[in-house]
Amino acid sequence: MLKLLAYCWLLLPLTLLGEDRFPPPEFESHYQQPITQTPLPRAEWLGYLDIAVLAAALALAAYLVLTKRSRRGIFALMLFSIGYFGFFRKGCICPVGSIQNVALAIGQHDYALPIVAAAFFLLPLATALFAGRAFCAGVCPLGAVQDLVLLKPVKAPAWLEHALGLLAYIYLGAAVLFAVTGSAFVICRYDPFISLFRLSGTPTLLGITSGMLAIGLFVGRPYCRFLCPYGVLLRWLAPLSRRRVSITPSRCTQCRLCEDTCPFGAIRTPTPVANPRGRLAGKGRLTLFLLLLPVLLAVGGTLGYFSGGILSTQHTAVRQANRVLLEQQGKVKGTTLESDAFYSTGQPVEDLYRTATGIRRQFNTGGLLLGVWIGLVIGLKLVFLTIRRRRTDYEPDPAACVACGRCYRFCPEKAEAPRVPEVAG
Amino acid sequence: MKLQPSEWYSIARRLAVISGIFSALVLALLAFNGLQSLHVAGLLTGRVDTLKTQLRQHPEDTKLQDHLRQVDVQLRQEFFRQRTFAQHGMLLLIGGLALFLLSVKLAKQYRVKLPRPEGDPPDTRPVSARGQYAVVVAGVMLAGVLAGLAYVSRQDFSPRYPTLSAQAPVWDEPDDTQSSPPDNGTAPGQNVKASAQNTTLPPKQGGGPIQPGQIPPPAPVKFTPPGPAELAKQWPCFRGSNGGGIAQVANAPTSWDGARGTNIRWKTNVPLPGESSPVVWGDALFLSGADEHQREVYCFDANTGKLRWRQPVTDLSCADKSPLEVNSETGYAAPTMVTDGAHACAMFADGDLACFDFSGKRLWAKNMGKPDNMYGFATSLTFFRDRLILQFDQTTSPDGGKSALIALDIATGQQIWKTARKAPSSWSSPIVINAGGRAEIVTCGNPQVIAYNSENGKELWRAECLSGDVAPSPVFAGGMVFAVNTGSNLAAIKPGSGAIIPAWTYQDNLPDIASPVSNGALVWIVETYGTLSCIDGKTGKKVYSQALDGEFRSSPTLAGDRLYLMDSQGMMYILSADRTYKQLGKASLGEPSNCSPAFVGGRIYIRGKHNLYCVGK
Amino acid sequence: MADEHEKITRRSFLGAGLRGLGILAAGGALGALAAHGARAETVWQIDPDKCTMCGKCADSCVLTPSAVKCVHAFAVCGYCELCFGFFEDDPNGLTTAAENQRCPTGAITRSFVEDPYYQYVIDETLCIGCAKCVKGCNTFGNGSLFLQVRHNLCVHCNQCSIATICPAQAVVRVPADRPYLLKSKGRG
């Protein structure tokens, strides 16, 4: 009797919940109820192992690029990175995507930045301050894949490269905007090689991967140069680096052998003696661009502010609200999965509208900042294109050089064991 | 044997060609396989489903059954074969591509072309006018893209949500009237007048008997649906603002005599008969009346009883021209009207639904179709914010296919949503409740109590606890919905989701017409033949029961600590709303009545068989 | 270049100091971001209370077949003889024949326990996460079948591709040490 009572108590909350249309039976046979299996995710310490591998790979890359100057070594490291960070770790998490985790943690207070994401974001940037873009050289699996598939590089004209180079800045701005607002991780959504590393993917992703691979056969590292948002950050930090990649281990004899060896257009030739007319024209332009800069910022900001509405549709709640509104106004017939999902929550539409309005406001502000950012990027690019630096040797542009080590092989100079005092002339 | 570089080269080249062809082949096969698997996946759901439907129509067809099983096995095998192929194929492809790349690189190693720089060194100075032009062009293009986005954003991609302030959620407003009943000490007449001013009826042409100057005359102001505090002061629909027969008044009259005129402010004749009850907003009282031939809506002055206007509801076409048959006890005007301070809507037994403004102008009217109802349609209207709610249960079978819950825009009559109900005819009226911040429409039917989302009419929960011809309406008090019908249960249901099992049920002396009333702690029900029962709201146990003389069809009302209960001869029993039966008084209307009274301010409006009474000062 | 590190000039010292400071500042800021929540390491999971069983999990995962599988909470199951997770609506008979089964891949095995109870077990190697059975069980039964991300299969994308398209926003980040949102007796 007592036992029966105890069971009744057990059953009581169930009936109140009203979910159990069919109360779980009490078996009379010796039936053993199976336990619902819950296979565990990857152990957490393995995440710290990833950090350690990343740090070691970065150190090795810096050593191979700056000290050993070995293209073969870099090549081997690339293979390792594709194997470990690519196929073994399935391309997640990577420093490129970690930008969004940082942005999301800044924008959304209920999201805490995972330690692994923080380390993946910081380590390559820190390395860039001491050894340039060592990360791009052999650690980044995305870069490595593109570096390996490059068969017949086509040299792109410099003007095209300048124009296309803007894309990466815009991509970075947009990715941060969408991540800060908690809408989407666009960098991950359109990751170029993720479906390669996973050997499967949605049709869109498979298309992006095969397209990028096909372009990569003839254009050197198209993603790194024209799209990679993390490359933008490295681009800023690499010129501040303590040590830089140099084509020659000792001195440049201006033999011009390395001139065409860089498939990424990163080698800068020595500047000819300046002619005074060009300089004047340059000065005029510089003034013009500097004056233009505030106009660009204002135009970008205005356009960006008003683009907020459409940009905000990347957020599910806004899409949902827009759809529900159309349905409520009777402008569309029928419901979608999204509006059905909302109705099934039973929340009042006002709540949804309020949430959506809040997000839309964020996007107006965000769009303004994005527009200003785009204006700034274009303006500064124009300004920098007028500024000239004197260069006497063939040397890589530290911002653009991904330290792949191709040019090393073509330099006839050998590292001098004891450094001979430089002879003038 | 050591291979010469040229031999290495030719090996590497051959390898590259072979692996290249191999990869291309695998890629083509993979692509073909991918297309095939899409096709098969479609068949797995599409074709098998069609066969299943066919089989359901001809369950005896063993040939079809065998065929289905065969197709099913084949397709499944194909599905998994393709999946394995895709997995293996991807590995082969990666291997082939890797070999291809390696051999090409190897071949290149043995055919290194040493650079031979010729001509002048190229000028890669950043000062390149072309570069600047390119950037400018790119900038212009970007601006164009942004401008396009901005343009699209202005357009319909970025709709404007209804102004939130105008649509403030009803339930968020503090319901001050709960704690402090209005008009303590003030003269009831003044109070009613004051609230009439507060409601700011939108000025309509004519203005009726409303004094000019009493109401500010601005041009058409968008009507804002009243909040709960305002609603509680009025009697906007059947059984008051919450539909639960709770009057937010403390000083309701306790004695009167309709025949002698004692404590009767006014008494006026209602031209056409009807079982519908009065609804009151400010100084306007609405009532409907109808007989076999005509239907009318009346507006009385609540202070004087003067008939302000009467409007016929005619010329609405109904496709079904067959004569309307109703039970004489139900009549042609049983559904009670609703008013929200700007509109007054009436429903009639023949399916005519009409909406008037306070000046008597007909805003819209439509025939909802002749109700297929054996006793005559009697369900009262209710409303939520700007929408009119009609529970339109018909036919004698749950599968009659005609029952529905319908929401109409109260201002235009446009249908906002309509949810089909699997229920036969019922005579119970829906109520709108605030269940934990969620506005739900609760309906009673046979056999279920069903709650719907007031925004879209989607079903939220249901509880199976009723049976028979359901006429009593549900009430909501103390977080529980109480629903009752004779021959089944009095059920207490906690709103939730999905199928709900009532927290408790009670089976003795259940009413078949009068609705229950509850203050949360106690629930009162009165059986038609006079047994009043009081049940504990938390436990469902009987507190007391008392046999009264008379028949009860009018629904009881709770006003403060008093329970008002009127029998069909117009005798009002005034009882103490307590755990023990205590009669505080009795008052006679002087004529029969089956309607439910309206309590506003210090007055009670009661419709008798022929006359409308205003009880109080 | 080669001997730069031997000569510590004022300039190089200052540069090294500034770089170190920059990294420290960035590290501190990131540390603060990592610390402002209780637990940082998260994985993706489906909240069965929000899931509307639309079936998009089956073809939106980066993996084919999807890492989302149907999971059975036996403690909630009613062991129904007529299980609407297993059987089609209006089945031809209560047999395991193909025409009666709801699952398109035949991933549910039905076995007799005792009169009138039957046990239903999901074969996850066959399950494609289409949610057909989940819908059946939730509409007519106790809802003991529900979708979950299986973490032995999931590759833990930084942004779950199902989460980006889920109409109910039911794919959420959960702490890595409690990676499942299982239905249990208490949850209902």
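Below, each value reflects all heavy atoms present in this structure, side chains not excepted, and no hydrogens, waters or symmetry copies. As the structure is a computational prediction, the values presented were derived from the model and not from experiment. Proteins get letters first, then strands, A, B, ... in listed order; numbering begins at 1 in each.
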Considering all heavy atoms, the nearest Ala134(B)-Trp159(A) contact: CB-O, 3.4 Å
Contacting moiety of Leu166(A), where chain B heavy atoms sit under 4.5 Å: side chain
Atom pair CD/CZ of Gln132(B) and Phe384(A) - distance to nearest 0.5 Å: 13.0 Å
Lys418(B), NZ: over 12 other non-hydrogen atoms inside 6.0 angstrom: no
Contacting moiety of Val318(A), where chain B heavy atoms sit under 4.5 Å: both
Chain B contact via Val299(A) - which portion, at a heavy-atom distance below 4.5 Å: neither
Side chain to side chain contact (heavy atoms under 4.5 Å, CB included) between Lys458(B) and Asp340(A), intermediate numbers included: CA-CA 9 Å; Lys458(B) 302 258 167 174; Asp340(A) 277 341; 3.3 Å; yes
Interchain contact, Leu151(A) with chain B, by part (heavy-atom threshold 4.5 Å): both
Residue selection (most heavy-atom pairs with chain B, distance under 4.5 Å) from Val377(A), Ile378(A), Thr302(A): Ile378(A)
Largest heavy-atom contact set with chain B, pairs under 4.5 Å, which of Gly304(A), Gly375(A), Ser307(A), Gly165(A): Ser307(A)
Members of residues 89-105 of chain B whose heavy atoms come closer than 4.5 Å to chain A: Met90(B), Leu91(B), Ile94(B), Phe100(B), Leu101(B), Val104(B), Lys105(B)
Over 12 non-hydrogen atoms of neighbours within 6.0 angstrom of CZ in Arg13(B): no
Side chain, backbone, both or neither of Ile170(A) within contact of chain B (heavy atoms, under 4.5 Å): side chain
Chain B contact via Ser200(A) - side chain, backbone, both or neither, heavy atoms under 4.5 Å: backbone
Within residues 140-149 of chain B, residues adjacent to chain A where the heavy-atom gap is under 4.5 Å: Leu142(B), Ala143(B), Leu146(B), Ala147(B), Leu149(B)
Proximity breakdown for Phe289(A) and chain B, heavy-atom pairs closer than 4.5 Å: side chain
Atom pair OG/CG of Ser210(A) and Leu27(B) - distance to nearest 0.5 Å: 8.0 Å
Under 4.5 Å from a heavy atom of chain B, the part of Ile82(A) involved: neither
Crowding at OH, Tyr305(A) (>12 non-hydrogen neighbours, <6.0 Å): no
